[in-house]
Amino acid sequence: MATEAKTAEEQDENPLAEGLERLPIHPTTLTIFGATGDLAKRKLLPALYNLAHEGALPERFNLIGCSRTEYSDDEFRVLAKESIEEFSRRKTDDKVLAALVEGIRYVTGSADDPEVYEQLEKVTAELDEEAGIDFNRIYYLSTAPSLFPVIVGQLGERGLDHHEGSEVRVVIEKPIGTNLREAKELNAAVLDVLDEDQAFRIDHYLGKETVQNVMAFRFANGLFEPIWNRNFIDSVQITAAEDIGIGSRAGYYDTSGAVRDLVQNHMLQLLCLLCMEPPVNFSADEVRDEKVKVLHAINPPELSEVPEMAVRAQYAAGVAGGEEVAGYLDEEDVPKDSHTETFAALRLEVDNWRWAGVPIYLRAGKRLARKITEIAITLKPVPHLAFKQDGGSVGVQPNQIVLTVQPNEGASISLGAKIPGTRMRIRPVNMEFLYGTAFMSESPEAYERLIMDAMRGDATLFTRDDEVEAQWTIIDPILEAWAGDDGDVAQYEAGSEGPEEADAILRPGHRWRQI
Amino acid sequence: MGTSDGVWSAQDTKPSEIEEALRDLLRQRHEESDAFVPARVLNLVVVTDREWRGEVQNRLDRVGRFHASRTILCAVEPRRETIDAFATVTATEGDDVKPEELSVGQEEVILDIGERHLEALQTIVDPLVVTDLATLVWAPHGHSKAVDALMDIAQIVLLDSVNEPDPTSAVKRAKELAERAYVVDLAWLRTTPWRERVASTFDPPQWRGELSKVSAVTVRHRPDSAIAGLLFVGWLATRLGWQTSSMVNQNGSKQGSASSRRQDVKLRLEPDPSMNAPGLAGITLETASGTSISLDRGPGGLTARRTDRKGHEWEWTVMGASRGESGILGEGIRQALLRDHTYGPALAAAEQMMS
């Protein structure tokens, strides 16, 4: 039959890919450094299994584990199988699991040992040889951050950073440094070996469906864009509250704190998605260019300005979820004189045409009243109110648009509505859209999405070097000011809404939303 | 999943009473729990014989997450004069719902109706569907009269072309329905993994050129699933710009050819009696340059074999779990809210091959 389809020769695109939900991915060999670590066992290996289960991995796929722990191929296969069975989000299918695990290879050795890379080169070459094709190579650095430059350097030394006939990419876990200087050093070390388009810096928050939906919400609905500016928006609050404490993570958390753990990366990403201009298209660099512009429009505070725009605090003993819980300084392995913040609140401003003068409040903390991550946009009040503000109602309130990232993913808009009765009394009501009620599909784990994107070479949801550095440029002065302040850190009761001191950074007439 | 039900039933009832009862059930649910929120995704209207009602309910129970938010199951008894109805509002609860999470509810209405109700079935069902949600109609055991009646209120029809008596009537019925609604065909969805894998095989730039050299396509299928094979070949033909012509029956298989720009392409559909599940058992693509690629069902996914012109052979597993028939049905419900623009052309090519 005659069709309008061009022949394969006439097309640059794969004509068979049209209309498929799952687009083809080039055959790939994925090497995980730190393959016996917690992240690999809990997240990466289960994510790979779930992709295999759904038929979403490349048609040909090899997995190599690499770690200091001495294992044979078979021993690592057992570990991988057990990890997948324990942590997979779905019950495993024995046959698919067997098919995934049976081909896994393992290389033992220290990240700074050149022999490891010699061995990796040998194994990847063997896999190419056996298949008769050149697999793309992805190196996933799931190790201590101090090893990132070591591994990238060794890949370069051995010539594994490029391969004739296929793509080589390196996925780097967070944190990208603990301050601007370290971030720059790491970026320089990485880009000394790799091109930027080979570096995939993970912020797993961006892999969450609801975070991506901020873009869909803004740019797929004509309803919001006309009011998405300083003329209509009064203020923005971004909250990432957790109800849990630090658990057994004192070693990590006390050297990190709320700002490094959540604000510098996840919350600034949310801010960027909320404030960026519409990209020309959704290609990686177009989206990231717009995000970087937002970060550049935020003036880093002078050290002397920090107390006016940032507050830190630690949780004290209190009651959370009906149980008495210890304060931060009484948690196991936390130094008694620790100044590490478990709560941080910041007021930032994006100084550009769209946002000038609109305060953007960020708030993150542990052991707060409940777990919630949300973006709340408060609109300016209507210019003239024809209704009387008495009569026993709470009256007309400014509209709010709330995008909830977790746990009840969705969006709500508060509207003023007439209370039924003979008098014109107004109170706010909510118009809600909830993901769980409107879609049948189960959202994939963030790591599944991000691993897929790395294999596809789509860096849209990964952080670019200038983006990371722009984030640290904003955060560095705050951390520096706090590091130079030996005074007492404010306290808040565990299970509460956070410290009263956080009110000090609010502009007149503003208040924190209830967590 | 832990669930609880609000239940209402009545004999010799009418749609307005059922609709009112549903509203009452939802109101009760809201009063019982602040966390209750009714799902609002899709209406599903199922028409089946009374004797198959349980089987259909079992199939729907097994579709996993892909439940319609409101299901209206019309069970037809030949000589029934009145309508009996049974309505439930089900919500997740207990250990499955954390304190801060939602309890998402689904509604189901079972209508026992007579054959006399089918001709104007839309007047019974219309008051019961959630306004502004898309409505999907599925009649797994025929009842084309009922489906036709529901076309005024439905936007999507779910069908399984494999259930039609032969490929010719399957294509005819799908074409008829496609003129009035968006069609989700389970026979087509059974070919999805095969289409994805063939697309992947030829995706590397060095192999993409082989697409224009394809000289033979063989599709192996369960004996009742020739239509799935036809749709697969139709898809290849339309995507690659082949001119297809009629196929002929020969020793139990169907054979034909298509013309590509470079050469003729031999087409062959072979029944495989060893296949248990409906759908495809395997495919083989050969090229004029002497290579061949085949995919066959195997443990943990599809077993792929590639042979080059020198006779070198590679074999590997393309991983993926079998979706099973319940998974296929769930996928059909999910696809109701998506749009696949490649099915229509594939169906048209299949029609041409059966002419």
Side-chain angles (χ1 to χ4, degrees), chain A residues 1-12 14-27 51-61 92-100 102-103 130-134 165 243 321 370-372 407-408 432 434 436-442, chain B residues 37-42 65-67 69 98 100-102 104 192-193 195-204 206 208-209 211-212 236-244 260-261 299-301 304 306 308 312 314 316-322 333-334 337-338 340-343 345 348-349 352:
Chain A
M1 78 169 272
T3 74
E4 292 178 2
K6 293 177 181 176
T7 65
E9 283 172 318
E10 292 167 335
Q11 302 204 11
D12 294 331
N14 177 352
L16 301 182
E18 171 77 23
L20 294 176
E21 244 187 298
R22 198 169 284 136
L23 296 174
I25 303 175
H26 191 89
L51 292 171
H53 186 105
E54 288 165 11
L57 283 179
E59 186 209 4
R60 308 205 66 173
F61 176 77
T92 53
D93 176 307
D94 290 345
K95 290 175 183 167
V96 178
L97 184 52
L100 175 67
E102 73 180 2
E130 283 167 16
I133 52 172
D134 291 312
D243 54 356
R370 71 186 176 110
K371 176 184 175 175
I372 188 163
N408 292 324
E432 283 191 286
L434 295 158
T437 65
F439 291 99
M440 291 182 275
S441 306
E442 192 175 1
Chain B
V37 189
R40 286 293 173 255
V41 187
L42 181 74
R65 272 185 76 84
F66 304 123
H67 284 286
S69 36
K98 294 175 189 159
E100 71 276 13
E101 287 185 348
L102 303 172
V104 179
T192 303
R195 288 182 283 122
E196 286 177 349
R197 293 315 174 188
V198 171
S200 292
T201 297
F202 291 98
D203 194 60
Q206 66 267 33
R208 210 170 291 165
L211 279 174
S212 60
L236 262 184
T238 51
R239 298 311 316 154
L240 298 176
W242 299 345
Q243 306 272 351
T244 53
S260 75
R261 185 169 286 193
R306 180 164 68 91
D308 71 11
H312 295 142
W314 292 266
W316 67 97
T317 299
V318 184
M319 288 175 275
S322 167
I333 295 171
R334 188 180 78 89
L337 295 175
L338 303 172
D340 182 347
H341 301 293
T342 57
Y343 171 69
Q352 188 140 21

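It should be emphasised that the depicted structure is a prediction, and the values quoted were computed from it without experimental measurement. The chains referred to below are lettered A, B, ... by the order of the sequence lines, with proteins before strands, and numbering in each begins at 1. In what follows, every heavy atom counts, from backbone to side chain, and hydrogens, waters and symmetry copies are set aside.
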So what's closer than 4.5 Å to chain B heavy atoms on A:Ile133: side chain, backbone, both or neither? side chain
Would you say A:Pro15 and B:Leu211 make side-chain contact, with heavy atoms under 4.5 Å? yes
Smallest separation among heavy atoms of B:Met319 and A:Val96, with atom names: SD-O, 4.3 Å
Is it the case that the side chain of B:Arg239 and the backbone of A:Leu16 share a donor-acceptor pair, with hydrogens and angles ignored and the cut-off at 3.5 Å? no
Portion of B:Thr201 that has a non-hydrogen atom of chain A nearer than 4.5 angstrom: both
Flag side-chain contact, heavy atom, 4.5 Å: A:Asp134 against B:Gln206: no
Look only at the side chain of B:Asp203 and the backbone of A:Asn14, and say whether a donor-acceptor pair between them is shorter than 3.5 Å. no
Check whether A:Leu434 gets within reach of chain B through its side chain, its backbone, both or neither, counting any heavy atom under 4.5 Å. side chain
Looking at residues at least two apart in the chain, or sitting in another chain, which of them share a ring-ring contact (aromatic ring centres under 6.0 Å, His included) with A:Phe61? none
Pair count under 4.5 Å, heavy atoms only, with chain B: among A:Glu54, A:Arg22, A:His26, highest is A:Arg22
Given B:Gly301, B:Gly320, B:Pro299, B:Ala321, the one with more heavy-atom pairs under 4.5 angstrom with chain A than any other is B:Ala321
What pair of heavy atoms forms the shortest contact from B:Pro204 to A:Pro27, and how long is it? CG-CD, 4.2 Å
Is A:Ala52 in contact with chain B via its backbone, its side chain, both, or neither, using a 4.5 Å heavy-atom distance? both
Can you say whether B:Thr342 sits under 4.5 Å from chain A via the side chain, the backbone, both, or neither, judging by heavy atoms? side chain
Which heavy-atom pair separates B:Trp314 from A:Glu130 by the least distance, and what is that distance? CD1-O, 2.9 Å
Below 4.5 Å from any heavy atom of chain B, which atoms of A:Leu20 appear? Answer side chain, backbone, both or neither. side chain
Once side-chain hydrogen bond (donor to acceptor under 3.5 Å, both in side chains) is applied, do any residues pair with B:Arg40, and if so which ones, sequence neighbours excluded? B:Glu107
Give the member of A:Glu432, A:Arg60, A:Glu102 that has the highest number of heavy-atom pairs under 4.5 Å with chain B. A:Arg60
Please look at B:Pro193 and chain A and tell me whether the side chain, the backbone, both or neither of the residue comes under 4.5 angstrom of a heavy atom of that chain. neither
Euclidean distance, B:Asp340 CG relative to A:Glu18 CD, rounded to 0.5 Å: 9.5 Å
Heavy-atom nearest pair, A:Glu21 first then B:Arg334, reads OE1-NH2, 2.5 Å
